[in-house]
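The structure under discussion appears below in the form of structure tokens.
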Protein chains: 2
Amino acid sequence: MAKEIEKNNSRAADEVVRCLAAKIQAGDYPDGSPLPAERSLMEEYNISRTVVREAVQALSRQGLLQARPRYRPVVRKPGYDAAISALENVVTHLLNDHAGVRNLFDTRIMIEVSLVRHAATHADKNDIAALNAALAENEAAIPDSDLFYQTDKAFHAVLYDIARNPVLPAIHRAYATWLEPQWSQMPRLPERNAENYQAHRRIYDAILLRDPDLAEQCLREHLTSAWEQVCRTFGEKP
Amino acid sequence: MAKEIEKNNSRAADEVVRCLAAKIQAGDYPDGSPLPAERSLMEEYNISRTVVREAVQALSRQGLLQARPRYRPVVRKPGYDAAISALENVVTHLLNDHAGVRNLFDTRIMIEVSLVRHAATHADKNDIAALNAALAENEAAIPDSDLFYQTDKAFHAVLYDIARNPVLPAIHRAYATWLEPQWSQMPRLPERNAENYQAHRRIYDAILLRDPDLAEQCLREHLTSAWEQVCRTFGEKP
DNA sequence: TTCCATTTTTGGTATGACCAAGATGGGTTG
DNA sequence: CAACCCATCTTGGTCATACCAAAAATGGAA
């Protein structure tokens with residue numbers, strides 16, 4: 001009851017936001033369909049267009065709507081990727097300094113260490129097969145740096161999939177997106193690719209051996225080496 | 001050059017957003033100070049108040065401004081907590097179903113496992129002392145469930161601090177915030193507190209023994225038990 | 001100096017208008 | 001008949017203005 005009083009404290013748009021969000025989640029309106037026109041929402045809720053636009057803007061910034069500039073906002077049911085995309089702007093600021101990148105990269109190391117340990121103890125035949133396939137494509141792509149980058153991501157993606165937690169692949173995509181600028185400026189050489197492939201293979205072998213400690217060690221060496229490469233490229237100290 | 005054309009495609013507010021964001025990051029305007037009044041921004045940028053408000057809303061949703069309903073927006077330099085708070089709304093939706101909560105909780109287990117393993121191998125004297133102190137307060141709070149909850153969080157917080165990565169404490173606060181609703185509905189009994197305290201102690205002991213595997217096992221048992229408690233409370237299957 | 005009442009400032013909302021770019025529909029053309 | 005093009009309507013983006021209520025500033029009284 002105190003709650004209503006607090007909320008009464010201005011913010012007419014908030015109620016509309018909640019209502020629309022509820023409707024989106026309830027399936028009415030369906031995912032992928034355009035939102036009703038602002039002018040019709042405005043009379044549906046008995047509010048001014050100002051408020052409608054504020055609500056729409058809020059929802060789109062939350063990732064529940066995809067609002068291209070001149071087009072009708074499109075409903076996008078909230079997924080883990082939507083959550084991640086909400087972070088994008090702030091993360092951009094945090095990545096402005098080297099320490100920020102380092103901190104983010106450290107969390108990636110931490111997570112991937114967990115993933116390979118988990119894989120080394122829990123991976124089933126299908127997981128192993130997926131890793132193997134990714135590894136093969138990775139090897140085949142050594143001469144083509146662009147393609148190698150894709151297969152590199154794909155190999156790591158398999159690791160994120162093994163845990164069967166839909167949050168993790170979203171996190172992986174986030175890392176890939178956020179750290180992309182760093183990577184894209186780095187020189188890409190086939191010999192470097194071969195090195196990375198060997199690292200992937202060692203990780204894979206350790207998982208096959210069901211040795212989490214070894215897998216962790218290999219993964220750490222792999223990512224640490226990648227980080228040192230980044231530092232050399234940007235002339236920063238590790 | 002194509003970029004300008006794309007951006008010219010509407011979005012007058014975006015430029016203002018970028019400009020204001022830059023000024024915030026540059027220190028002009030200083031952190032914690034209120035933003036200029038809308039009407040003055042409006043003449044500074046030669047735009048209508050509509051656009052000013054849109055920009056302010058955008059910035060506040062990104063966490064660069066803290067905009068209470070009726071007050072002047074306050075500048076808040078982007079930190080890791082700001083990033084997390086940007087997630088809040090979407091996460092709320094994701095937590096609507098049991099599976100979402102489970103997925104989130106699993107990531108917490110994963111992260112904390114990494115943390116205790118790290119602590120077991122790298123914690124220094126100060127870290128141990130901090131853990132010890134948190135543990136003592138935790139024990140003392142067993143009879144008082146509210147206080148126990150605080151000290152419980154504090155104990156886990158120490159774990160998040162040991163890795164010396166500012167991202168992690170922010171993540172911890174996020175978990176605490178997001179999972180709070182689940183916890184707050186659970187019965188809090190001193191005997192349950194005592195159980196949790198014992199679990200904390202076992203984790204601490206394992207860290208003291210420098211045994212990452214044991215620490216991981218204790219942590220897993222602790223969190224798994226907590227999860228089962230949640231499931232019993234809400235009548236869900238694990 | 002402290003405190004309260006008044007005035008000013010400022011954020012929240014409503015209206016109405018205009019523009020330009022998408023969406024629509026009907027007529028023309030191959 | 002289908003593909004194409006232009007006139008038109010629709011709709012999102014922006015602006016200007018006005019009003020209200022709450023916050024902040026101000027000034028006078030105790």
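Because the structure is a prediction, the values reported are computed rather than measured. Each chain gets a letter, A, B and so on, in the order its sequence line appears, and its residues count up from 1.
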5' to 3', nucleotides 5-14 of chain C under a 4.0 Å protein heavy-atom cut-off (B base, S sugar-phosphate only, - none) gives -----BBBBB
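- Taking the ring axis of A:Phe148 as reference, the NZ or CZ atom of A:Arg188 does not stay both within 45° of it and closer than 6.0 Å to the ring centre.
- Note: B:His222 and B:His200 have perpendicular aromatic rings, judged against thresholds of 30 and 60 degrees for the angle between ring planes.
- The CG atom of A:Asn193 sits 7.0 Å away from atom CD1 of A:Ile142, with the distance rounded to the nearest 0.5 Å.
- We find that CD of A:Gln57 is positioned 13 Å from C1' of D:dG12, with the value rounded to whole Å.
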- Might you work through the side-chain hydrogen bond (donor to acceptor under 3.5 Å, both in side chains) test for B:Glu15 and B:Tyr45, ending with a clear yes or no? CA-CA 10 Å; B:Glu15 193 196 329; B:Tyr45 289 93; over 6 Å; no
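- Between the side chains of B:Thr151 and B:Tyr197, no donor-acceptor pair of N or O atoms lies under 3.5 Å.
- Atom CE in A:Met42 sits roughly 12 Å away from atom P in C:dA17 (whole-Å rounding).
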